[in-house]
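Structure record follows, encoded as structure tokens.
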Amino acid sequence: MEEMYDKYLSDPASVDPAWVSFFRTQAGSNGHAAPSSTPGAAAVASGTGTPASGPATPPAAAAPPVSTPPISTPPIPAAPAAPAAATTAAPSAAPPAPVARPRPEVKAAEPARGTTTPVPKEAAPAVKAETADAPTYTVLRGAPARTVTNMDASLSVPTATSVRSVPVKLLWDNRVVINNHLARARGGKVSFTHIIGFALVKTLRSMPEMNVGFDVVDGKPTLITPAHINLGLAIDMSKPDGTRQLLVPSIKAAERMDFRGFLDRL
């Protein structure tokens, strides 16, 4: 308060009009310029009747009065009345109305597709480009040629026959299932020879290195690679006169057939 009063004494315009009114009121009522300890209410600017801007009340605690000679200050012009619009709070701006925006066009997602491709139990062999039916001849040199020499020498070595027994229940059950299906459909029966022969074809298809031959061409050992899997099966047949004979049907290009085609050709 003392600091504000000092400013007021040096330049009344440097302090808030409310303090100017307060100091002038205290000086007129007490006969001196010392402010009293009684808190003042909101000062009203002289001659206008409008509330002055600034703090409504002076500070609650005041310093003890100081005896000072009366001060004479030049009259302070009254603060101009504030426009009525300034005294009232501006109405709160209404929130902007929501703007309708069209929903962006989105292409409907396609249904999820399976990532796996079903594989049939018996895949059809891939169709290869047209190839010649003649076998391929490859002259053997190095280690393969030496192997041929040793194999020829082994023909004079006595040989023995070894027999193995293997379970064939699954083979038997599959034959029963196939024959029951044929009896309800087109008729006919499947023998063990049919099943074993088709198994040989599938084995040679997966291991083509087993379907090769050997011969001496122009005095040189030569590896013969057939163009197809040609399967021959010896079948014991009886003649009308009661004698028996072996027939060897040859199935050409058996690697291109499924089991039904193989069965029809046999």
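The basis for the numbers below is simple: all heavy atoms, side chains too, and nothing from hydrogens, waters or symmetry mates.
- Interatomic distance, CE of M4 versus NZ of K7, reported as 6.0 Å (0.5 Å rounding).
- The closest donor-acceptor contact from the side chain of S250 to the backbone of V248 lies at 3.5 Å or more, if one exists at all.
- Under a hydrophobic clustering in which Ile, Leu, Val, Met, Phe, Trp and Tyr are joined whenever their side-chain heavy atoms come within less than 4.5 Å, directly or via other members, V168 and I178 fall into the same cluster.
- Between the CD1 atom in I195 and the CG atom in L171 there is a gap of 5.0 Å [rounded to 0.5 Å].
- Residues N211 and P226 approach most closely at O-CD, 3.0 Å, considering heavy atoms.
- Looking at R265, its side chain never comes within 3.5 Å of a backbone N or O of I251 through a donor-acceptor pair.
- D218 places no side-chain N or O within donor-acceptor distance of the main-chain N or O of K220, the cut-off being under 3.5 Å.
- Cluster annotation: L140 is connected to V216 through the hydrophobic network of ILVMFWY side chains, with a link wherever side-chain heavy atoms come within less than 4.5 Å.
- Residue pairs meeting the ring-ring contact (aromatic ring centres under 6.0 Å, His included) criterion with at least one member in residues 146-188, sequence neighbours excluded, are W172-F192.
- Counting only distance, with no hydrogens or angles, the side chain of E255 and the backbone of R205 share no donor-acceptor pair below 3.5 Å.
- Of the inter-residue distances, the one linking K189 atom NZ with N180 atom CG reads 10.0 Å to the nearest 0.5 angstrom.
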Can K169 and D173 be said to form a salt bridge (charged side-chain N to carboxylate O under 4.0 Å, His left out), step by step? CA-CA 6 Å; K169 184 178 186 307; D173 293 342; 2.9 Å; yes
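- Between the OH atom of Y8 and the CE atom of M1 there is a distance of 13.5 Å, given to the nearest 0.5 Å.
- Hydrophobic clustering of Ile, Leu, Val, Met, Phe, Trp and Tyr side chains at less than 4.5 Å, counting indirect connections, keeps M207 apart from L200.
- Ring geometry for F259 against F198 counts as perpendicular: the plane angle is over 60°, on a 0 to 90° scale with 30° as the lower cut.
- Among L223, T138, I224, the single residue meeting the side chain to side chain contact (heavy atoms under 4.5 Å, CB included) criterion with V212 is L223.
- In this structure, S21 contributes its side chain and A18 its backbone to no donor-acceptor pair below 3.5 Å.
- With hydrogens and angles disregarded, a donor-acceptor distance shorter than 3.5 Å links the side chain of N179 to the backbone of V190.
- Of all non-hydrogen atoms in D236 and R244, the two that sit nearest each other are OD2-NE, 3.0 Å.
- Residues H194 and L263 come closest through the heavy atom pair CD2-CD1, 3.4 Å.
- Considering all non-hydrogen atoms of both residues, P221 and F214 come closest at CB-CE1, 3.5 Å.
- No chain of hydrophobic side-chain contacts below 4.5 Å, direct or via other Ile, Leu, Val, Met, Phe, Trp or Tyr residues, connects L231 to L204.
- Taking NZ of K252 as the reference point, atom NE2 of H228 lies at 10.0 Å (rounded to 0.5 Å).
- Contacts of T147 classified as side-chain contact (heavy atoms from CB on, under 4.5 Å), with partners at least two apart in sequence or in another chain: M151.
- Atom CG of residue L233 and atom OG of residue S191 lie 9.0 Å apart, to the nearest 0.5 angstrom.
- Not counting sequence neighbours, the partners of D241 by the side chain to side chain donor-acceptor pair (under 3.5 Å) test are T243.
- Note on L182: it clusters hydrophobically with F262, by side-chain heavy-atom contacts below 4.5 Å among ILVMFWY residues.
- For E3, the CD atom counts as loosely surrounded, since its 6.0 Å shell holds 12 or fewer non-hydrogen atoms of other residues, nucleotides or ligands.
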